[in-house]
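Beneath this line is the structure, given in structure tokens, with notes to follow.
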Amino acid sequence: MVSFISPRHFLPFLFVISLFHVGYAARKLNELVQQQPLLLEYHNGPLLSGKISINLIWYGKFKPSQRAIVSDFITSLSSSPPSQDQPSVATWWKTTEKYYHLTSKNPSSLKLSLGEQILDETYSLGKSLTGKQIVQLASKGEQMNAINVVLTSSDVAVEGFCSSRCGTHGSSSSSKNVQVKGKNYKFAYVWVGNSETQCPGQCAWPFHQPIYGPQSPPLVAPNNDVGLDGIVINLASLLAGTATNPFGNGYFQGPAEAPLEAASACPGVYGKGAYPGYAGDLLVDSVTGASYNAHGANGRKYLLPALYDPSTSSCSTLV
């Protein structure tokens with residue numbers, strides 16, 4: 001099993017403490033003003049390509065309205081809203097395509113779609129999970145041409161959750177004895193926890209007051225759910241990392257066990273002018289006062305992290 005710790009920023013100003021070895025989002029503060037541009041090195045491994053289904057495994061109690069926030073986000077990755085609703089989630093995702101163009105003269109494409117949704121509302125493995133149990137849950141989804149996403153509810157404790165990470169992505173050998181070219185098939189998975197009650201100041205910032213650092217007022221969450229809007233930020237980051245570094249030998253910088261990836265290379269940045277404790281200049285809904293930077297399916301609005309743009313060697317934001 002290859003596992004990557006969440007790119008969730010843990011707030012940029014927290015990086016000055018010793019989280020680097022446990023969180024691949026953890027960059028030292030002085031790196032935010034480094035003189036040389038950051039370069040994500042390609043390690044010659046495969047990227048995800050073709051038609052990929054994103055299967056959602058819901059572990060614990062989630063309201064249907066909460067599940068809709070995430071499923072609409074997944075749909076939005078490949079479904080552009082009307083032209084007046086820009087910038088969009090699909091536009092944000094297109095930055096990942098630039099990585100594919102760097103790897104080949106005839107780049108393959110990645111087409112994501114919402115797959116099956118599996119509900120485990122009875123806490124079949126209990127309310128305290130290990131990393132191995134996360135993989136066990138991820139294995140419940142279809143494993144060929146898929147990313148299996150495990151989402152744990154706010155009353156579920158997960159190994160390392162809050163203390164060093166807000167989610168993970170990685171890969172594991174198929175539990176269904178699937179072989180490709182004579183080798184055991186590896187499937188990609190993601191886990192994200194709902195931090196609403198456990199550590200919103202770390203994993204749901206900027207929608208909650210941060211634990212440390214500059215105490216700017218929290219922003220209003222675009223879907224009126226601090227925990228789920230936080231999940232979307234983390235899930236977006238991890239999906240970008242999964243697409244561009246699915247098996248630990250794609251695009252990343254630093255040690256393989258704690259890499260900087262497409263989103264985690266730009267921690268805490270959501271709009272232009274961002275700095276530690278300030279998410280950047282964002283769009284604001286005139287009715288709700290919610291902050292966002294992307295339009296999605298079914299009239300949704302989302303806040304998405306900056307992605308590292310390999311063509312400019314810089315962090316790219318939608319606004």
Side-chain angles (χ1 to χ4, degrees), residues 6-11 25 54 56 58 60-77 81 85 87-90 92-93 114 149-156 161-162 165-167 190-211 216-240 263-264 266-271 274 277-307 317-319:
S6 169
R8 184 66 172 125
H9 38 267
F10 254 44
L11 305 187
I54 299 179
L56 302 178
W58 299 92
K61 304 292 186 182
F62 288 92
K63 300 174 184 177
S65 58
Q66 292 180 313
R67 296 199 298 268
I69 292 171
V70 176
S71 60
D72 283 347
F73 167 67
I74 299 301
T75 300
S76 302
L77 291 168
D85 291 338
S88 69
V89 175
W92 172 82
W93 185 251
L114 180 63
V149 176
V150 178
L151 301 163
T152 51
S153 58
S154 59
D155 57 347
V156 175
F161 188 33
C162 295
R165 57 187 179 177
C166 305
V190 171
W191 158 70
V192 183
N194 185 344
S195 65
E196 181 180 14
T197 58
Q198 296 186 53
C199 53
Q202 292 157 296
C203 297
W205 184 85
F207 302 128
H208 190 278
Q209 201 79 10
I211 295 179
S216 55
L219 304 180
V220 177
N223 294 286
N224 198 33
D225 191 315
V226 169
L228 268 292
D229 279 297
I231 278 181
V232 169
I233 290 174
N234 290 303
L235 178 56
S237 299
L238 289 160
L239 286 175
S264 59
C266 305
V269 179
Y270 298 92
Y278 177 63
D281 301 329
L282 305 174
L283 302 174
V284 178
D285 188 294
S286 60
V287 176
T288 65
S291 295
Y292 68 101
N293 59 9
H295 292 268
N298 296 320
R300 295 279 186 190
K301 295 179 175 69
Y302 296 103
L303 184 65
L304 303 178
L307 291 179
T317 59
L318 285 171
V319 295

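Model, not experiment: these values are computed from the prediction.
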Which atom names give the shortest non-hydrogen contact between Gln66 and Lys61, and what distance separates them? OE1-O, 4.5 Å
Should His295 and Arg300 count as side-chain neighbours, where that means a heavy-atom distance under 4.5 Å? no
Worked verdict on Val319 versus Tyr292 for side-chain contact (heavy atoms from CB on, under 4.5 Å): CA-CA 9 Å; Val319 295; Tyr292 68 101; over 6 Å; no
Would a distance-only check, ignoring hydrogens and angles, find a side-chain to backbone donor-acceptor pair under 3.5 Å from Thr317 to Tyr270? no
Determine whether Val192 and Cys203 make a side-chain contact, defined as any pair of heavy atoms from C-beta on separated by less than 4.5 Å. no
Does Val232 reach the side chain of Leu304, with side-chain heavy atoms less than 4.5 Å apart? yes
Could you give me the CA-CA distance, side-chain angles and deciding distance for Phe73 and Leu77, then say whether side-chain contact (heavy atoms from CB on, under 4.5 Å) is met? CA-CA 7 Å; Phe73 167 67; Leu77 291 168; 4.0 Å; yes
Report yes or no: is the SG-SG distance between Cys162 and Cys199 under 2.5 Å? yes
Minimal heavy-atom distance between Ala297 and Thr75, with the atoms involved, is CB-CG2, 4.3 Å
As an exercise, state the distance from CG of Leu235 to CD1 of Ile69, rounded to the nearest 0.5 Å. 12.5 Å
Using modelled atom types and a 3.5 Å cut-off, is there a donor and acceptor pairing between side-chain atoms of Tyr302 and backbone atoms of Asn223? no
Pair Trp92, Asn293 - check side-chain contact (heavy atoms from CB on, under 4.5 Å), show working. CA-CA 9 Å; Trp92 172 82; Asn293 59 9; over 6 Å; no
What are the two closest non-hydrogen atoms of Gln209 and Pro218, and how far apart are they? OE1-CD, 2.8 Å
Taking side-chain contact (heavy atoms from CB on, under 4.5 Å) as the test, write out the residues that go with Thr288, two or more places apart. Asp285, Ala290
Excluding sequence neighbours, so at least two apart, what forms side-chain contact (heavy atoms from CB on, under 4.5 Å) with Ala90? Ser80, Ser88
Tell me the closest heavy-atom pair linking Val156 and Phe161, and the distance in Å. O-CD2, 4.3 Å
Ignoring hydrogens, what is the shortest heavy-atom contact between Pro222 and Leu303? Give both atom names and the distance. CG-N, 4.2 Å
Under a 4.5 Å cut-off applied to non-hydrogen side-chain atoms, are Val149 and Ile74 in contact? no
Please report the interatomic distance CG(Asn234) to CZ(Arg165), rounded to the nearest 0.5 Å. 12.5 Å
Evaluate the criterion side-chain contact (heavy atoms from CB on, under 4.5 Å) for residue pair Leu114 and Asp72; output intermediate values, then yes/no. CA-CA 9 Å; Leu114 180 63; Asp72 283 347; over 6 Å; no
Can you give me the closest heavy-atom contact between Ser291 and Leu282, atom names plus distance? CB-CD1, 4.0 Å
Under 4.5 Å between any side-chain heavy atoms of Phe62 and Val70, yes or no? no
Would you check if the side chain of Gln198 reaches a backbone N or O of Ser154 as a donor-acceptor pair within less than 3.5 Å? yes
Between the main-chain N or O of Ala221 and the side-chain N or O of Asp225, is there a donor-acceptor pair closer than 3.5 Å? no
Heavy-atom donor-acceptor pair, Ser237 side chain to Ala263 backbone, under 3.5 Å: no
Just verifying a value: how many Å separate Gln202 CD and Cys166 SG, rounded to the nearest 0.5 Å? 7.0 Å
